[in-house]
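Comments concern the structure below.
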Amino acid sequence: MATDAFVYLVDTGNLWVAAAAILPAQLASLRDEVDEARSTALRALAAAAMARASQAAQPKAGSMALPETLQAFAAGLRAIAAAEQSPELDNHHWILLLYRLIDGEVLAGFGHIDDPVPGMLEREMLVEYVGTMVEMDVASDGTIINAAVRQARGVQLAPALRHLAAGGF
């Protein structure tokens, strides 16, 4: 019996969340279709699609059914499948983080949770994990996110995450 992999799209600027379950075999199939060398380009496409979906969803209910959300998932799944650091594609919670930089640029950060949490994460637990990932992305020298935030002179974070960028951003 296959265990689902769970995918979360999170806008760190307003904590918009879209979540879905996918069979690991489907992620593996996507990995076979995408080129790892295009990982950066796929992340950029995912970030742009997530920004459109988050904007279209605010403040509407039922944002999971919006075409923009479905497009964001399509782009996000390809970015996850192509990520060079993605380990085995099963039994994980995959999180694609949308960062909105002060200069208007958007980019996507990537993370996964290996903890054996059954089923979809509760929102509160997801926000905890997101906070940890944002802190690592923004505060760690040498990350793509940290470099972009420094160059843009800041990142727009939701009130619940702002304390994480207190180190000068």
Side-chain angles (χ1 to χ4, degrees), residues 1-31 42-43 46-83 85-100 106-140 143 145-146 149 155-167 169:
M1 180 167 108
T3 302
D4 287 341
F6 300 94
V7 176
Y8 309 86
L9 308 179
V10 180
D11 184 335
T12 63
N14 59 25
L15 288 181
W16 167 82
V17 174
I22 186 170
L23 291 173
Q26 290 172 311
L27 271 177
S29 175
L30 275 175
R31 175 177 267 174
L42 290 171
R43 273 198 204 190
M50 288 170 62
R52 286 189 302 273
S54 176
Q55 184 176 11
Q58 301 297 329
K60 299 173 191 164
S63 67
M64 291 295 291
L66 293 174
E68 293 88 352
T69 303
L70 299 176
Q71 291 166 356
F73 270 112
L77 289 171
R78 281 180 173 73
I80 289 168
Q85 75 262 39
S86 63
E88 294 301 313
L89 294 172
D90 58 354
N91 304 327
H92 289 286
H93 296 266
W94 301 96
I95 301 174
L96 209 54
L97 300 171
L98 173 65
Y99 289 97
R100 296 172 181 275
V106 293
L107 62 146
F110 170 79
H112 63 90
I113 301 166
D114 287 328
D115 296 342
V117 180
M120 194 72 65
L121 294 174
E122 303 260 344
R123 183 175 176 88
E124 185 176 295
M125 184 181 280
L126 175 63
V127 171
E128 267 186 56
Y129 282 116
V130 166
T132 300
M133 290 175 185
V134 167
E135 187 172 25
M136 289 173 33
D137 281 348
V138 172
S140 300
T143 67
I145 303 298
N146 176 276
V149 167
V155 61
Q156 300 171 21
L157 294 176
L161 301 173
R162 283 194 189 130
H163 68 282
L164 301 172
F169 301 113

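Contact between L161 and G131 at its shortest, heavy atoms only, is CD2-CA, 3.9 Å. Closest of all the heavy-atom pairs between W16 and M50 is CZ3-O, 4.1 Å. In this structure, A51 and V106 approach most closely via the heavy-atom pair CB-CG1, 4.2 Å. Closest non-hydrogen pair, A160 versus L15, comes out as CB-CD1, 4.0 Å. Residues A57 and L66 approach most closely at CA-CD1, 3.8 Å, considering heavy atoms.
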**Prompt:** Given Y99 and V149, is the side chain to side chain contact (heavy atoms under 4.5 Å, CB included) satisfied, shown in steps?
**Reply:** CA-CA 9 Å; Y99 289 97; V149 167; 5.5 Å; no
**Request:** Tell me, with the steps shown, if I113 and L121 meet side chain to side chain contact (heavy atoms under 4.5 Å, CB included).
**Result:** CA-CA 10 Å; I113 301 166; L121 294 174; 3.6 Å; yes
**Message:** For V7 and L96: C-alpha separation, side-chain torsions, deciding distance, then whether side chain to side chain contact (heavy atoms under 4.5 Å, CB included) applies.
**Reply:** CA-CA 8 Å; V7 176; L96 209 54; 6.0 Å; no
**Message:** Applying side chain to side chain contact (heavy atoms under 4.5 Å, CB included) to I95 and L126, what does each step give before you reach the verdict?
**Reply:** CA-CA 9 Å; I95 301 174; L126 175 63; 3.6 Å; yes
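Legend: residues meeting side chain to side chain donor-acceptor pair (under 3.5 Å) with R100, ordered by chain and number and at least two apart, are D11. In terms of the ring-ring contact (aromatic ring centres under 6.0 Å, His included) criterion, residue partners of Y8 (sequence neighbours excluded) are, by chain and number, H93. Scored by the side-chain contact (heavy atoms from CB on, under 4.5 Å) test, T132 finds M136 as partners (sequence neighbours excluded). Under the side-chain contact (heavy atoms from CB on, under 4.5 Å) criterion, E128 pairs with no residue at all, not counting sequence neighbours. Residues passing the side-chain contact (heavy atoms from CB on, under 4.5 Å) test with R52, sequence neighbours excluded: A48, A49. Applying the side-chain contact (heavy atoms from CB on, under 4.5 Å) rule to A21 yields the partners D4, F6; only residues at least two apart in sequence or on another chain are considered.
Rounding to the nearest 0.5 angstrom, the gap separating the CG atom in L9 from the CG atom in L77 is 7.5 Å. Between I80 atom CD1 and F110 atom CZ the span is 6.0 Å, to the nearest 0.5 Å. Summarising the geometry, atom CD1 belonging to I22 is positioned 11.5 Å from atom CH2 belonging to W94; distances are rounded to the nearest 0.5 Å.
Applying the salt bridge (charged side-chain N to carboxylate O under 4.0 Å, His left out) rule to pairs touching residues 15-30 yields nothing, sequence neighbours excluded. Each salt bridge (charged side-chain N to carboxylate O under 4.0 Å, His left out) pair with one or both residues in residues 68-79, not counting sequence neighbours, would appear here, but there are none. Applying the salt bridge (charged side-chain N to carboxylate O under 4.0 Å, His left out) rule to pairs touching residues 14-28 yields nothing, sequence neighbours excluded.
In this structure the side chain of L107 reaches within 4.5 angstrom of the side chain of I145, judged on heavy atoms.
Counting only distance, with no hydrogens or angles, the side chain of N146 and the backbone of D137 share no donor-acceptor pair below 3.5 Å.
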